[in-house]
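Structure record follows, encoded as structure tokens.
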There are 4 protein chains.
Amino acid sequence: MSRPPLHDVAHLGYVELLTPEFDKSLWFFTDVLGLTVVSAEGNSAYLRTWDDYERHTLKLTGHATSGIARVAMRAESPEALERRVKAVEASGRGIGWKDGDPGIGPTYAFHDPDGHVMELYYETQWYADSRPAELAPALKNQAQAYPARGVSVRNLDHVNYLAVESAQCGDFMVDQLGARITEQIQLDTGRVSAVWTHFAQKSYDVVYTDDWTGTAGRLHHIAFRTDTREDILRAADIALEAGVFIETGPHKHAIQQTFFLYLYEPGGNRIELCNPVGRLIFAPDWKTITWTQAERAKGQAWGLKTIESFHTHGTPPVG
Amino acid sequence: MSRPPLHDVAHLGYVELLTPEFDKSLWFFTDVLGLTVVSAEGNSAYLRTWDDYERHTLKLTGHATSGIARVAMRAESPEALERRVKAVEASGRGIGWKDGDPGIGPTYAFHDPDGHVMELYYETQWYADSRPAELAPALKNQAQAYPARGVSVRNLDHVNYLAVESAQCGDFMVDQLGARITEQIQLDTGRVSAVWTHFAQKSYDVVYTDDWTGTAGRLHHIAFRTDTREDILRAADIALEAGVFIETGPHKHAIQQTFFLYLYEPGGNRIELCNPVGRLIFAPDWKTITWTQAERAKGQAWGLKTIESFHTHGTPPVG
Amino acid sequence: MSRPPLHDVAHLGYVELLTPEFDKSLWFFTDVLGLTVVSAEGNSAYLRTWDDYERHTLKLTGHATSGIARVAMRAESPEALERRVKAVEASGRGIGWKDGDPGIGPTYAFHDPDGHVMELYYETQWYADSRPAELAPALKNQAQAYPARGVSVRNLDHVNYLAVESAQCGDFMVDQLGARITEQIQLDTGRVSAVWTHFAQKSYDVVYTDDWTGTAGRLHHIAFRTDTREDILRAADIALEAGVFIETGPHKHAIQQTFFLYLYEPGGNRIELCNPVGRLIFAPDWKTITWTQAERAKGQAWGLKTIESFHTHGTPPVG
Amino acid sequence: MSRPPLHDVAHLGYVELLTPEFDKSLWFFTDVLGLTVVSAEGNSAYLRTWDDYERHTLKLTGHATSGIARVAMRAESPEALERRVKAVEASGRGIGWKDGDPGIGPTYAFHDPDGHVMELYYETQWYADSRPAELAPALKNQAQAYPARGVSVRNLDHVNYLAVESAQCGDFMVDQLGARITEQIQLDTGRVSAVWTHFAQKSYDVVYTDDWTGTAGRLHHIAFRTDTREDILRAADIALEAGVFIETGPHKHAIQQTFFLYLYEPGGNRIELCNPVGRLIFAPDWKTITWTQAERAKGQAWGLKTIESFHTHGTPPVG
């Protein structure tokens, strides 16, 4: 069977996010979401969620615009890294090897078909090996003490890109990175306009949605996972008190059935807080779920209409 | 690298549980836990949890004693099935091929080192393909309508065996089935007395704990996963009202950090209801967490002492 | 001090609801919401929520139209009943004494200024005194065993009437029944268009909202309380699976901060499921919170716009 | 009927707690529980929970020992205050009038039969009238912005005293303060050894439990209410990470059905975090629930044995 091997990419590593409002964005990620600053360097800060076993989860960088600079993914093994680099090189989308970020080993950079920068690496420093004593957790099977500050998000959950050709980008994830498509949207014209791809039991990791402006390289949102739906409800209260813009939610997506809340961080990037409520994909032969235009028109799971700004707000802004 | 390949076993398939109180056990699984009966045959009933994409999750069989008859696991692919069967055969623990259960293709049976019967298969019938219309879900990415009856558990989560030599059984899972050990208990004598093994991002699937009676082939418990911790709390109320024995909990395990409730079903088998609260293992090179005797003596995460009957009650009962 | 005495009305007793789809409405209240049928009589059924200490919570009556027939309230004492009856009689809105419903003693009927029928009583039969053995709870401080069926709502929470003159109705609740107004909406014209009145620590029990059709005697909704917000989220799933129309929610009201879900029962009446998340009014001199038109325009607490049908759907329908 | 009038006491106002570890106790209440410091004076700090409409909820005072200095209660009206003061004076337990605490008007002090100091007042300053701008809530019907720090408890919920004669103290609450007894424990000897008294719909406010040492004036615990049970579970994690001693829980009480967690604050006082999960007492003629010795021996609602230290740890310590 020619199906590409799942599992060569283990998981999302970290994301570099750009913001024209660095100080305010830093406040958002530390005080509102509860991330911890690991280090700072130039106009960037490295931050982490409390359950990330690696050193950092988010690199926040001051920039002229908002948007996403790159997404790094950890390979399952050195051999898997080698396999994926070869596949990417063969596709002609490779950029090349470089030194990794702090705590990260040799890193291979490349573009997806929409021009988003992605990176692959295997070597990584475990946070527990350099963790300050005061952040040590009470339970030794945990990366860091639970912060109990703001939303206290647990992990980076997924990245949702905008792309000129979502279907092509999905195919790239499948063919070059060994991902699989769990769900997708197909318009009445036959065009696949959004794809949800995953690497393992988590039901999605990298998502592409068609960019209505036809502009390449943009971001729809990045998402952080909370432990419970109650955390999402509380997050809405926290956002309300903090004056953070709530775009839509809390509600439950029909697609993937994720419980969600969408915020704009002060730099303008859309941030989803999500809780999958126990949903995992166990079937190794999962059959892609295809949602029609009519089904999408019904809105979210419990009937909330999909908010109009989902189709007008991306970062960086255009026009 | 000689590390055995993870991911050849995709997930737990189903469990055959034995009960000397068939009618009462059936009531427990349908009315208290909320499973759905798929079919009956002889002195057995096939039942399913609502989020199982396969046909059944549990085969309940009337028998002279309680205990676990077998556990079936689905392979990741036909090739993975072949690889694992070869590895098991090489270990001398194979039993052989047989026709599968209803809805299941060719099945290879074998013993673990403690004599528990295990089975591997790849071909399986998706429940959605034979589902009665009245059990169709509102959302097409779901296997069955949410039952809203009793606890309404979502999935089979894990099996926790008793074994004469837990460490040896753990090694078998690693060497023959490609599992990995995420956490373990090591006594002051150096003996590893319990191992938690997993197949993918779920942090454990098959667990072994030393049997204090030195009897082979017994069960500590099987566990069903709920969506939320609130479901566990509500389950405690439901068990209380139904007169089902609550052994311990709700509380949070230190090991694996699972939120739990332990019940005895009327046939005497221990049933755990569990919620992992978002914990997944992402690191492909996860370092086994070893808990010492002193650490275990502290009890569960929030201080509840491990209940004495955890070390005296297994099924079938002995002596 | 001339302020009318709070506490003469202890709490809402029961509601008689009318439905043109009796069988379907009965299915909704028993299977979807989890109420228990106590008795049936003519074209009516008496139902109860599991935490009601009295005999019944809801009388459901087959009728040509939907709507609310009457709301009964229990007085704090025989003396309080006498005081309130006198006050109502003095207002000229009394109807008179009659035999009460099954399990209810002498009952005084009257109209509010909008013509809704209300009743006051003191004598009542405790459910525990006639409860079937199989519905006995495990804990003796509870009225009935938790049903674990559908949403399993706990109590009737409040009634929200439509009225031609909400402010006048609110004054009637205050002056004749000793209620107080915790929150209200005041339009830019100065008109008070909605009032939330309460009898004790619960922050509202009887609500009036202006009827856009200018028709007297109609209902906006009745509400049932769940134990947790998770119950509300689960209720949305249950409604989705059952094909029950979800009008709006789950979300959090700005006014009163209640977490809510609005459904239409098959007879057309709007049913709210609500959870106040711990909010009680302790201050004996609570100062009425007045929301302006501009504040209301912001929508619900987390930004959800108030659904248009809140201002177009009432029961019975008109025109 | 000679039953004393309920409702003359509106609610618990604030508590003065003593601690031999002032700095650590202050850390506990602000960083772990999430209270806000309002002011400091001498060796005392005034703190508040975010949903308290009055100025402060807790006065924390450095002292040679732990224990409770006094509990203040707000009367329903000036007339109710007068009535209760007369009743207390008539009992011979009055101390007399004094100036109130900051923000509190004239205050009448007295002893309960066990010598605990209690106070009654009516005049009070609303927190909203002096609230710093940065603590203003987003929703105007709320006293203070939700802090999102540590447990973020919502309100003081109840005080549980130790007493030489609990039943006598309960009678005092009923006869002098107009409380009622919702539940009690009666030993096989006929002795009532614990009483739960309440003022309104909340099912208990002041509790007495027999002191096993026969020492007067001691404290079993004070309790703070959270919004949800999930907050209690999260609180257990927070306590674990902070190194705060967890005595027992989370679990559900059989008596009153409250979901609970018991901690020791660094000064040694026992602090309960509790969530009543929607339980209110509506019946104006509620019949006191009496638990027998045998029923109590069953432990808590879901079977957890009542922890031994409940009968050995009180503050201040004796002997």
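Scope of the values below: all heavy atoms of this structure, side chains included, with no hydrogens, waters or symmetry mates. Note on naming: letters A, B, ... go to the chains in the order of the sequence lines (proteins, then strands), and numbering restarts at 1 for each one.
- Neither the backbone nor the side chain of D31(D) has a heavy atom closer than 4.5 Å to any heavy atom of chain A.
- With a 4.5 Å cut-off on non-hydrogen atoms, Q144(D) touches chain A through its backbone but not through its side chain.
- Contact annotation for I238(D): only side-chain heavy atoms (C-beta onward) come within less than 4.5 Å of a heavy atom of chain A.
- At least one cation-pi condition fails for R154(A) and F224(A): the charged atom is not both under 6.0 angstrom from the six-membered ring centre and inside a 45 degree cone around its axis.
- For the pair R270(D) and F310(D), the cation sits on the ring face: its NZ or CZ lies under 6.0 Å from the ring centre, inside 45° of the axis.
- Contact of A242(A) with chain D is not made at all, since no heavy-atom distance falls under 4.5 Å.
- Per-residue heavy-atom pair counts under 4.5 Å with chain D were compared for G243(A), A148(A), S152(A), and the maximum is reached by A148(A).
- With chain A as partner, the option from E230(D), R149(D), R234(D) having the largest number of non-hydrogen pairs under 4.5 angstrom is R234(D).
- The residue from L273(A), D231(A), L233(A) that alone fulfils the side-chain contact (heavy atoms from CB on, under 4.5 Å) condition with F259(A) is L233(A).
- In terms of heavy atoms, D157(D) sits closest to K202(D) at O-NZ, 2.6 Å.
- Y127(A) carries R48(A) over the face of its six-membered ring, with the cationic atom under 6.0 Å from the centre and within 45° of the normal.
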